**Q** 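One structure, pasted below without further comment.
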Amino acid sequence: MIVDSSSPAPAKNSLLLSSGADLQRTQTPYVTGTSVIAIKYKDGILIAADMGGSYGSTLRYKNVERIKPVGKHSLIGASGEISDFQEILRYLDELILNDSMWDDGNSLGPKEVHNYLTRVMYNRRNKFNPLWNSLILGGVKNGQKYLGTVNMIGVHYEDNHVATGFGNHLARPILREEWNENLTFEEGVKLLEKCMRVLLYRDRSAVNKLQIAKITDEGFTISQPYSLKTQWKFKAFENPTVGAEGSW
Amino acid sequence: MSKAAIEVPPKGGFSFDLCRRNEMLVKKGLNAPSFLKTGTTIVGLVFQDGVILGADTRATEGPIVADKNCEKIHYIAPNIYCCGAGTAADTEAVTDMVSSQLTLHRHHTGRESRVVTALTLLKSHLFSYQGYVSAALVLGGVDFTGPHLHTIYPHGSTDTLPFATMGSGSLAAMAVFESKYREGLTRDEGVQLVAEAISSGIFNDLGSGSNVDICVLTKGHKEYLRNHLQPNPRTYISEKGYSFSKKTEVLLTKITPLRDSIHIIEGGDEMEE
């Protein structure tokens, strides 16, 4: 008879449940933000995100800022679990603080911050305790533009235009067609608004209140929240089922 | 009491008798047979004078491209066409069935078929099979009441829309439509927009690819533009052609036709009744 010395008689399951650390693994997201889209333009990076925080299928919070500055050279945009985003901001705050305490005249650029985030996200995923976010990290340092993305399993890459969530399916086809290297600020904003409008029409968790953030060598600005003009008055939407009873 | 009568399933609809057995088999590790899906981009658009339907031409079997140039725009009636996404056999069978039913109906009534007739036949068939007939359709046509465009989902619900997309590439195509559609498009603008939407699906969705098929339906006239755009040509063909292995000795290369030509007898005896 082999006696298991590490646990008393009860079933194997309770051994797993009894240790406190395991109670915090494999999460489900609660308050989530939807897509973020970003492009490189002539002078730097433009990032757009709406201000909605959904609690499941309820649109609970309509004033969530999902784009934040990081250090002197970068902006971070996040979709997914908002509480995990707030935790990531604290990590980044500590990172930037520790870096500036060296007081050596250097500051962390967007590429370095992106790499740090990648390590954090991937390591959490390996412990089966992910931060449930898809992040976009964009910035300019010494004239070099950088735009990258990381998601909750640690997949990371950099590109001229990136998107998270639904933006991958709805915005990226448009960006692939219409992005070019020499977009001016106005053209870039128009392109992002075009994509955000499609997302507003077709993503159920989108809200019509968005912010567009810009970062260049001179610094960053995050716009005041505003809404997009939408077109609902197609004649075909009025009385569509006049001929076809039982249709929608 | 006739026990036999109770065992016969009711007319029409699906018999769910084997579902429990199938679930049990899958749990025991049986790989359910995969079916040929048309991971697809299909779109429809209403313009000034009619309807334009568009589709890609790739048919997939899991991760493999089974058919590089299949036809996803199906004939329903001279004035009604239907794009199909989902299981290829289902879309083909259901559109052929409704097409036959409408032909008989046209003979019976002596009138041109209406789009809502095809719509009702398709939706009631799909509903009675509770979504197991995996056919997602974009039905478009022009009848005497005007141009119509409908989407039909596998469970049998329908939408009536000015522009519609279905299939795995529907989001990529809808992104194009939502940003560029406006009312009162001309024929050429409409064809251009449909081609753009399908191309967006072809290049941004892995389930769609190859060529763009377009069908323009107007009052009393239809234009089936098969392979309207071919943005994925085979760019390199080896000049060497077919090379026999070094061990073969080629004696003679001759092409022999398999069937003798048919002799037509002018004014001959016809078949006796």
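So you know, we letter chains A, B, ... as the sequences are listed, proteins then strands, and number each from 1. Since the model is a prediction, treat every value here as computed from it, not as a measurement.
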**Q** So which residue, R176(A), E177(A), K194(A), R202(A), ends up with the most heavy-atom pairs under 4.5 Å with chain B?
**A** R202(A)
**Q** Hey, what do you get for CG (N204(B)) to CG (L170(A)), rounding to the nearest 0.5 Å?
**A** 11.0 Å
**Q** Take a 6.0 Å sphere around OH of Y30(A) and say whether it holds more than 12 heavy atoms from other residues, nucleotides or ligands.
**A** no
**Q** Any chance OH of Y61(A) has more than 12 other-residue heavy atoms, nucleotides or ligands included, within less than 6.0 Å?
**A** no
**Q** Between E178(B) (side chain only) and Y201(A) (backbone N and O only), is there a donor and an acceptor less than 3.5 Å apart?
**A** no
**Q** Counting only heavy atoms not in H169(A), do more than 12 fall under 6.0 Å of its NE2?
**A** no
**Q** How far does CD of Q231(A) sit from CD of E183(B), to the nearest 0.5 angstrom?
**A** 7.0 Å
**Q** Can you label the angle between the F237(A) ring and the F163(B) ring as parallel, tilted or perpendicular, going by 30° and 60°?
**A** tilted
**Q** Report which part of E193(A) has an atom under 4.5 Å of a heavy atom belonging to chain B: side chain, backbone, both, or neither.
**A** neither
**Q** Please classify the contact of S179(B) with chain A as side chain, backbone, both or neither, using a heavy-atom distance under 4.5 Å.
**A** both
**Q** So for atom NZ, which belongs to K219(B), do other residues, nucleotides or ligands contribute more than 12 heavy atoms lying within a distance under 6.0 Å?
**A** yes
**Q** With F127(B), which residues qualify under ring pair (Phe, Tyr, Trp, His ring centres under 6.0 Å), at least two apart?
**A** none
**Q** Taking atom NZ as the centre, does K209(A) end up with more than 12 heavy-atom neighbours from other residues, nucleotides or ligands that are less than 6.0 angstrom away?
**A** yes
**Q** So what's closer than 4.5 Å to chain A heavy atoms on F177(B): side chain, backbone, both or neither?
**A** neither
**Q** Between L119(B), T160(B), T151(B), which has the largest tally of heavy atom pairs under 4.5 Å with chain A?
**A** T160(B)
**Q** Could you work out, with side chain to side chain contact (heavy atoms under 4.5 Å, CB included) as the rule, every residue matching T184(A), not counting sequence neighbours?
**A** K42(A), E186(A), E187(A)
**Q** Tell me, for R197(A) versus chain B, whether the close heavy atoms (under 4.5 Å) come from the side chain, the backbone, both or neither.
**A** neither
**Q** Shorter than 4.5 Å, heavy atoms on both sides: which option in A171(A), P240(A), P173(A) has the most such pairs with chain B?
**A** P173(A)
**Q** Looking at D159(B), V115(B), V116(B), which has the largest count of heavy-atom pairs under 4.5 Å with chain A?
**A** D159(B)
**Q** So with a 6.0 Å cut-off around NE2 of H105(B), is the heavy-atom count from everything else above 12?
**A** no
